[in-house]
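Report on the structure given below.
From a predicted model like this one, the values you see are computed outputs, not experimental measurements. Order of appearance sets the numbers: ligands from 1, and atoms from 1 within every ligand.
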Amino acid sequence: MTRLVADTAALAAALGAQDEEPVGGHQHRRAVVMTMGALHAGHLALVRRARELADHVVVTIFVNPLQFGPAEDLDRYPRDLEGDLALLSGDGLLGDGDVVFAPTPAVMYPEGDPVVRVTAGRIGEVLEGGFRPGHLDGVLTVVLKLMHLTRPGVALFGQKDAQQLAAVRRMVRDLDVPLTVVGVPIVRDSDGLALSSRNAYLTADERRRALCLSRSLAAARSAADEGGASDQILAAAVAVLTGAEGVDSLDYAALVDPSSFEEVAPGATGPALLVLAARVGATRLIDNGELTLR
Ligand code: AMP
């Protein structure tokens, strides 16, 4: 039976039990997958990969107030713990000895908002950081806390949130956090829409128009394959996003270095990441894709 624990003492006891077992046949004793719940197939891909890498899997479910801005959707963010547990116990995904840690904010922040926090530095100021000031600091602060609480050998993050993944990798390197970070490819619906808990907000018309994000990535990739310069590639992406059947407002479309998130210089060659953020109706969506600049 998967154990559901809601406080840090119960978590420590469950992990202690794992630690006492003989080492199993995997690369790591324990993997952690951190989520905000409202789970979908994208999250489950992380859990499946975690299962392959470790004897035991810990899934955390916590809607972290620190990473929401004052005007953002903290209160209406979808929450469905029962549905999440059903998904996690389906398909033999989680089993005996695995743990779901679903704390309340009072458990995570017993003395109120933490006084000392992690800062993402420059990577937290550009692009997502520009539109969501403090967001990545809030993410890194809870990620580091959850890393300490769950003591994993490996932590898995989705490439869907590419800037978050880059910031986590950087934190682990800069602060010598003793674990391995593994990125997992974006899971999409059959029509190309990247899965996201926030897709639940979309009306039928908005969902149709949201497809322009993945279409925009495809247009950019074609332009790159044809040898287009970075400004031509971006123009191809923006044309799709802002055309008929496009988004309601575009926050950014940028070609960046995949690890630093600095925008690539004109004339640069090699691997780059096209990152997009846009609003469709009231919903803010992000997407990204790798391409090669020639
Ligand atoms: P969230 O619950 O949105 O905070 O996401 C938890 C983890 O799942 C993060 O590492 C996300 O990047 C990852 N994730 C969310 N959606 C997807 C997706 N469509 N494909 C791959 N990973 C995802």
Among protein heavy atoms, which sits nearest to [atom], and what does the distance come to when rounded to 0.1 Å?
atom                    : answer
atom 17 (C) of ligand 1 : Lys160 CB, 3.7 Å
atom 21 (C) of ligand 1 : Pro185 O, 3.5 Å
atom 15 (C) of ligand 1 : His40 CE1, 3.9 Å
atom 5 (O) of ligand 1  : His43 NE2, 3.4 Å
atom 12 (O) of ligand 1 : Asp161 OD2, 2.6 Å

Contact (N/O only, under 3.5 Å) between [X] and ligand 1:
X      : value
Gly37  : no
Val187 : yes
Gly158 : yes

Run the numbers for me: atoms of ligand 1, each under 4.0 Å from some heavy atom of [X], listed by number.
X      : answer
Leu46  : 7 (C), 8 (O), 10 (O), 13 (C), 22 (N)
Leu195 : 16 (N), 17 (C), 18 (C), 19 (N)
Met34  : 6 (C), 7 (C)
Met36  : 1 (P), 2 (O), 4 (O)
Phe157 : 10 (O)
Ile186 : 20 (N), 21 (C)
Thr35  : 2 (O), 6 (C)

Phe68 vs Tyr77 aromatic rings, parallel, tilted or perpendicular, using cut-offs 30° and 60°?
->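 If you compare the ring of Phe68 with that of Tyr77, the planes turn out perpendicular.
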Is there a donor-acceptor contact under 3.5 Å linking the side chains of [X] and [Y]?
X      : Y      : value
Ser249 : Asp251 : no
Gln18  : Arg30  : yes
Glu52  : His26  : no

Check whether any heavy atom of Ala41 sits under 4.0 Å from an atom of ligand 1.
->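 Ala41 does not count as a contact of ligand 1 under the 4.0 Å cut-off.
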Is a salt bridge present between Arg284 and Glu128, judged by a nitrogen-to-oxygen distance below 4.0 Å?
-> yes
Check each of Val143, Leu140, Ile123, Val139 against Gln164 using the side-chain contact (heavy atoms from CB on, under 4.5 Å) test, and report the only one that passes.
-> Val139
Glu290 atom CD, neighbour heavy-atom count above 12 within 6.0 Å |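 Incorrect, the count does not exceed 12.
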So, Arg51 side chain and Leu93 main chain: donor-acceptor pair closer than 3.5 Å or not?
->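 Indeed, once roles are kept as given, a pair shorter than 3.5 Å links the two residues.
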Is it possible for you to check whether Arg76 lies under 6.0 Å from the centre of the six-membered ring of Tyr201, through NZ or CZ, and within 45° of that ring's axis?
->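 Yes, Arg76 lies over the aromatic ring of Tyr201.
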Distance (rounded to the nearest 0.5 Å) between Leu156 CG and Leu46 CG = 5.5 Å
